[in-house]
Number of protein chains: 2
Amino acid sequence: MATTTSPALTGNPLELERQVCFALSVASRTVLSVYRPLLEPMGLTHPQYLVMLALWQHAPMPVKDVGALLQLDSGTLSPLLKRLEAQGLVTRPRNPQDERALTVSLTPRGQALREQAERIPEQVVARLGMEVAELEDLHRALTRVIEAAVAGR
Amino acid sequence: MATTTSPALTGNPLELERQVCFALSVASRTVLSVYRPLLEPMGLTHPQYLVMLALWQHAPMPVKDVGALLQLDSGTLSPLLKRLEAQGLVTRPRNPQDERALTVSLTPRGQALREQAERIPEQVVARLGMEVAELEDLHRALTRVIEAAVAGR
DNA sequence: CCTCATTACATCGTGTACGATTAAGTTGTG
DNA sequence: CACAACTTAATCGTACACGATGTAATGAGG
């Protein structure tokens with residue numbers, strides 16, 4: 001019979017099922033796949049949805065701040081914001097006080113989209129069928145590992 | 001003074017800092033950024049590392065099984081496996097018993113790489129500076145949400 | 001006033017993700 | 001045996017991620 005001691009101290013340290021990074025990748029992709037059918041009617045991808053969340057809270061804001069908030073660089077954000085602009089959800093004129101910076105603002109259409117988005121969180125929780133308390137625990141655990149990873153990279 | 005009731009029941013339900021999906025995305029990308037400098041000397045990206053973990057455990061195995069294990073489809077796996085093949089880490093001849101299927105096997109070089117990989121997990125834990133027990137808790141929470149998401153998508 | 005380092009974005013190249021389609025092989029059924 | 005239904009990969013198009021590089025604007029020091 002195989003050993004059944006604490007998994008941290010025994011067996012293959014490279015076992016796929018034990019890797020937190022594997023669970024993180026799969027969890028991220030799988031949870032996003034729950035959002036996809038809900039976001040599709042709004043014409044948003046999940047990263048675009050996160051940017052819109054940031055804007056609904058803080059617009060108008062510079063691209064730099066969006067990047068800091070979402071931990072994304074301009075290589076990702078520039079084309080993403082262009083696509084939101086092409087959809088008529090945001091504008092991004094240059095800041096007259098600093099011609100390097102773009103000020104990302106919501107169009108009326110972008111503002112209006114918020115109402116449809118209001119229902120997303122509850123729908124996701126319903127589809128997951130998990131307790132809100134358990135999701136809050138997960139959120140706290142993720143926040144901890146994000147802090148640890150930012151400090152350790 | 002602002003209200004400070006339970007966050008689940010008050011305030012803006014679209015608040016970015018409250019979204020589990022946001023924490024998941026950032027955690028996934030941030031933790032992977034801890035792996036990147038460790039994997040780079042091995043010539044592997046993180047998804048390639050996960051495939052190698054699967055192969056070190058189960059090779060030879062069909063592409064189908066790799067996909068099932070990692071929750072990836074052929075659109076992702078085909079080019080990824082081609083790159084591993086180009087690096088001389090794997091072979092993927094057709095299965096004579098079923099000419100549709102490819103049997104992914106490790107080359108001696110692919111097998112040998114495992115020794116370098118053995119040190120990755122401990123190095124990551126060290127860089128994160130988190131208790132193994134806390135990481136195991138996180139792993140359990142992630143496994144729960146993966147199951148919920150798979151069921152609910 | 002004039003460099004020069006810094007900052008804010010944009011662009012490019014590589015590598016995933018993923019839906020959709022295609023192509024080839026296999027299998028069940030009449 | 002014929003053939004439709006199914007399975008396995010590959011391919012294509014779109015959209016992130018991210019490192020590296022380019023460019024214009026800003027600001028600090030001489």
Side-chain angles (χ1 to χ4, degrees), chain A residues 21-22 24-37 39-40 43-52 61-68 70-87 90 92-104 149 153, chain B residues 21-22 24-37 39-40 43-52 61-68 70-87 90 92-104 149 153:
Chain A
C21 64
F22 172 51
L24 262 176
S25 305
V26 175
S28 179
R29 289 188 287 108
T30 311
V31 170
L32 297 208
S33 75
V34 173
Y35 280 81
R36 204 164 291 122
L39 293 175
E40 199 254 27
L44 294 178
T45 65
H46 191 268
Q48 290 169 4
Y49 171 68
L50 294 181
V51 169
M52 292 301 289
M61 67 193 296
V63 173
K64 169 177 138 66
D65 291 6
V66 181
L70 302 187
Q71 301 276 316
L72 292 172
D73 70 3
S74 71
T76 302
L77 276 180
S78 285
L80 191 157
L81 288 169
K82 268 192 184 177
R83 284 186 280 269
L84 291 181
E85 190 179 35
Q87 293 196 32
V90 309
R92 39 182 209 133
R94 296 210 167 269
N95 178 348
Q97 265 70 56
D98 184 344
E99 288 284 343
R100 292 169 301 181
L102 302 185
T103 303
V104 186
R153 72 184 169 186
Chain B
C21 63
F22 172 52
L24 261 176
S25 305
V26 175
S28 179
R29 288 188 288 109
T30 311
V31 169
L32 297 206
S33 75
V34 173
Y35 280 80
R36 205 164 290 121
L39 293 176
E40 199 255 25
L44 294 179
T45 64
H46 189 268
Q48 289 168 5
Y49 170 68
L50 294 182
V51 169
M52 292 302 288
M61 68 194 296
V63 172
K64 169 177 140 72
D65 289 6
V66 180
L70 304 187
Q71 300 277 314
L72 291 171
D73 70 4
S74 70
T76 301
L77 276 180
S78 284
L80 191 158
L81 288 170
K82 268 191 185 178
R83 284 187 278 271
L84 291 181
E85 190 179 35
Q87 293 195 33
V90 309
R92 39 182 209 133
R94 297 209 167 268
N95 178 347
Q97 264 70 57
D98 183 345
E99 288 284 341
R100 293 169 302 181
L102 303 185
T103 302
V104 187
R153 72 184 169 186

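Keep in mind it's a predicted model, so treat the numbers as computed, not measured. Here is the naming used below: chain letters follow the sequence lines, and residue numbers restart at 1 for every chain.
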Inset, instruction - Check whether any side-chain nitrogen or oxygen of B/Arg83 sits under 4.0 Å from OP1 or OP2 of C/dT16, and answer yes or no. - result: yes

Legend entry - Closest to the B/Gln48 side chain, choosing from D/dA17, C/dT16, C/dA8: C/dT16

Legend entry - Among D/dC16, C/dC9, C/dG19, the one nearest A/Lys64 by side-chain distance: C/dC9

Inset, instruction - Look at the side chain of B/Ser25 and the backbone N and O of B/Cys21, then say whether any donor-acceptor pair between them is shorter than 3.5 Å. - result: yes

Legend entry - Pair of N/O donor and acceptor under 3.5 Å linking C/dA10 base with A/Ser74 side chain: yes

Legend entry - Which nucleotide in D/dC18, D/dC16, C/dG25 has an atom nearest any side-chain atom of A/Leu80: D/dC16

Legend entry - Nucleotide nearest B/Leu72 when distance is taken to its side chain, options C/dA17, D/dA15, D/dT8: C/dA17

Legend entry - Approximate separation, where rounding is to 0.5 Å, of A/Leu84 CG and A/Thr45 OG1: 7.5 Å

Inset, instruction - Check whether any side-chain N or O of B/Lys82 sits under 4.0 Å from OP1 or OP2 of D/dA10, and answer yes or no. - result: no

Legend entry - Minimum-distance nucleotide to A/Ser78 side chain [options: D/dA9, D/dC18, C/dC9]: C/dC9

Inset, instruction - By nearest nucleotide on DNA chain C, pick out whichever of A/Leu81 and A/Ser33 is the more 5' one. - result: A/Leu81

Legend entry - Closest-nucleotide 5' rank along DNA chain D - winner of A/Gln97 and A/Gly75: A/Gly75

Legend entry - Shortest side-chain distance from A/Thr45, nucleotide among D/dT11, D/dA15, C/dG15: D/dA15

Inset, instruction - Look only at the side chain of A/Asp65 and the backbone of A/Ala68, and say whether a donor-acceptor pair between them is shorter than 3.5 Å. - result: no

Inset, instruction - Establish, with yes or no, whether the OP1 or OP2 oxygen of D/dA10 is under 4.0 angstrom from a side-chain nitrogen or oxygen of B/Arg92. - result: yes

Legend entry - Criterion side chain to side chain contact (heavy atoms under 4.5 Å, CB included) against A/Leu102, the qualifying member of A/Val63, A/Leu81, A/Asn95, A/Leu77: A/Val63

Legend entry - Presence of A/Thr76 side-chain N/O under 4.0 Å of D/dA17 phosphate oxygens OP1/OP2: no

Inset, instruction - Report the residue (A/Thr103 or A/Ser25) whose heavy-atom-nearest nucleotide on DNA chain C is the more 5′ of the two. - result: A/Thr103

Legend entry - Main-chain N/O of B/Gln71 paired to A/Arg29 side chain as donor or acceptor, under 3.5 Å: yes

Inset, instruction - May I ask you to verify whether the side chain of B/Arg100 and the base of C/dT26 hold a donor-acceptor pair under 3.5 Å? - result: no

